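Below: the structure, in structure tokens.
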Amino acid sequence: MINMVFLGPPGAGKGTQSAYIIEDYGLVQISTGDILRAAVKAGTELGKEAKVYMDGGQLVPDELIVGMMKERLKQDDCKNGVIFDGFPRTIAQAEALDKMLNEDLKTEVTHIISLDVADELLVERAVGRRSCPECGKVYHIKYNPPKTGGVCDADGATLIHRDDDQEDTIKNRLKVYHETTSLLKGYYNESGKFHEIDGEGDPKDVYKKIKGILG
Ligand code: ADP
Ligand code: ADP
């Protein structure tokens, strides 16, 4: 049973690598960013509250995120193992996750993998990121372009550029990552389950290192 926390700055490749992991290991990916973007699109209360923070590249308050995750973890598909992508992002969220897994699901975090990528590369990756609004597949205009300009290979939907993938907002998100989320490395370091890997190479080479850890 694998319950993996994926750490790493915006644009490090967490979503890209999660797609490979899901295929090989049959885990479910829970991306807080994807859930929040769906809530914004649907115009729910959560979406309305979260949008201001997301647009500014700030973190959405812990209470909203933890409440949302508690609901998500009630669903049956989590029982076979989860990749937590983009969560936790604060120590309070990490503590809440440990508690939810231990008390509600009688399980625990088994692996923490942190992807390391230099800030200059991250800005380029996020500015060039495009994603499919239908299936969520992630592309890059230079590093992983779709076969036909601007549309998803899988379903032909027109690809979108996220509102928060503009250079200024990305720089703010990186600042927030370094000031807050990177502190989680200290939280998890003692556990013996923490692995830091270089995320700068070819995606397939990065994935080989992840497989080496997950076994
Ligand atoms: P990326 O994949 O580029 O790191 P995400 O899709 O994970 O970005 O997150 C987009 C935005 O959603 C963040 O900038 C933040 O505003 C919000 N968000 C996502 N996950 C969390 C979280 N766990 N805690 C607080 N805010 C979050
Ligand atoms: P995250 O989920 O960590 O924010 P993504 O997986 O969405 O990151 O990747 C951000 C962008 O960088 C996407 O456009 C993706 O296609 C591209 N990308 C991901 N991994 C690599 C890599 N190893 N080399 C080059 N580009 C990459």
Side-chain angles (χ1 to χ4, degrees), residues 5-22 29-40 46-47 49-70 72 83-97 113-118 120-132 136-146 152-153 159-166 168-182 184 197-210:
V5 166
F6 223 155
L7 286 181
K14 303 180 295 296
T16 302
Q17 296 297 329
S18 293
Y20 298 140
I21 301 170
I22 291 167
Q29 173 198 15
I30 303 183
S31 158
T32 40
D34 285 349
I35 301 176
L36 290 168
R37 280 185 289 279
V40 170
L46 168 69
E49 266 192 82
K51 189 177 187 318
V52 270
Y53 299 99
M54 296 169 79
D55 285 348
Q58 300 295 337
L59 293 182
V60 174
D62 287 336
E63 310 79 69
L64 288 180
I65 299 289
V66 170
M68 181 178 109
M69 190 53 81
K70 226 180 163 77
R72 181 64 186 85
I83 306 173
F84 294 97
D85 169 5
F87 172 87
R89 263 174 152 96
T90 62
I91 303 277
Q93 291 181 19
E95 289 171 346
L97 176 63
I113 299 183
S114 177
L115 280 181
D116 253 352
V117 177
E120 304 78 66
L121 269 179
L122 293 169
V123 174
E124 195 198 2
R125 282 192 187 180
V127 170
R129 167 162 49 192
R130 299 291 182 273
S131 37
C132 175
K137 196 168 159 38
V138 179
Y139 297 87
H140 189 279
I141 50 172
K142 181 167 152 197
Y143 299 118
N144 180 25
C152 180
D153 295 345
L159 301 179
I160 53 166
H161 188 203
R162 274 167 49 177
D163 290 345
D164 60 349
D165 275 343
Q166 314 296 335
D168 284 350
T169 318
I170 295 159
K171 289 193 167 148
N172 211 22
R173 285 159 60 202
L174 286 173
K175 189 164 170 274
V176 169
Y177 177 81
H178 291 302
E179 286 173 359
T180 310
T181 307
S182 65
L184 286 177
I197 61 176
D198 179 356
E200 292 193 0
D202 184 85
K204 301 269 179 217
D205 293 331
V206 176
Y207 184 53
K208 275 188 202 138
K209 292 182 222 162
I210 294 176

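As the structure is a prediction and not an experimental result, all values here were calculated from the model. Residue numbers count from 1 along this sequence. When a ligand or atom number is given, it counts from 1 through the structure's own listing order.
- Remark: ligand 2 atoms within the under-4.0 Å shell around heavy atoms of H140 are 14 (O), 16 (O).
- Side-chain atoms of V5 and F87, non-hydrogen and from C-beta on, never get closer than 4.5 Å to each other.
- Between L115 and I197 there is a side-chain heavy-atom pair separated by less than 4.5 Å.
- E200 places no side-chain N or O within donor-acceptor distance of the main-chain N or O of D116, the cut-off being under 3.5 Å.
- Between G201 and ligand 2 there is a heavy-atom distance shorter than 4.0 Å.
- The protein heavy atom nearest to atom 8 (O) of ligand 1 is R162 NH2, 3.3 Å.
- For the pair K14 and ligand 2, the shortest N or O to N or O distance falls below 3.5 Å.
- If you number the atoms of ligand 2 from 1 as listed, the ones under 4.0 Å from a heavy atom of G15 come out as 1 (P), 2 (O), 6 (O).
- Atoms of ligand 2 lying under 4.0 Å from at least one heavy atom of Y139, given by number and element, are 13 (C), 14 (O), 16 (O).
- For G8, the closest heavy-atom approach to ligand 2 does not fall below 4.0 Å.
- Residue R37 places at least one N or O, backbone or side chain, under 3.5 Å from an N or O of ligand 1.
- Of the candidates Q93, R89, Q58, it is R89 that places a heavy atom closest to atom 7 (O) of ligand 1.
- D168 and K171 are not joined by a salt bridge, as no carboxylate oxygen comes within less than 4.0 angstrom of a charged side-chain nitrogen.
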Output, in order, the C-alpha distance, side-chain angles, deciding distance and verdict of side chain to side chain contact (heavy atoms under 4.5 Å, CB included) for R89 and I65.
-> CA-CA 10 Å; R89 263 174 152 96; I65 299 289; over 6 Å; no
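- In terms of protein heavy-atom proximity, atom 20 (N) of ligand 1 is closest to T32 OG1, 2.8 Å.
- Each of the atoms 25 (C), 26 (N) of ligand 2 lies under 4.0 Å from some heavy atom of Y143.
- For the pair T16 and ligand 2, the shortest N or O to N or O distance falls below 3.5 Å.
- The pair R162-D164 meets the salt-bridge criterion, with a side-chain N (NZ, NE, NH1 or NH2) lying under 4.0 Å from an Asp/Glu carboxylate O.
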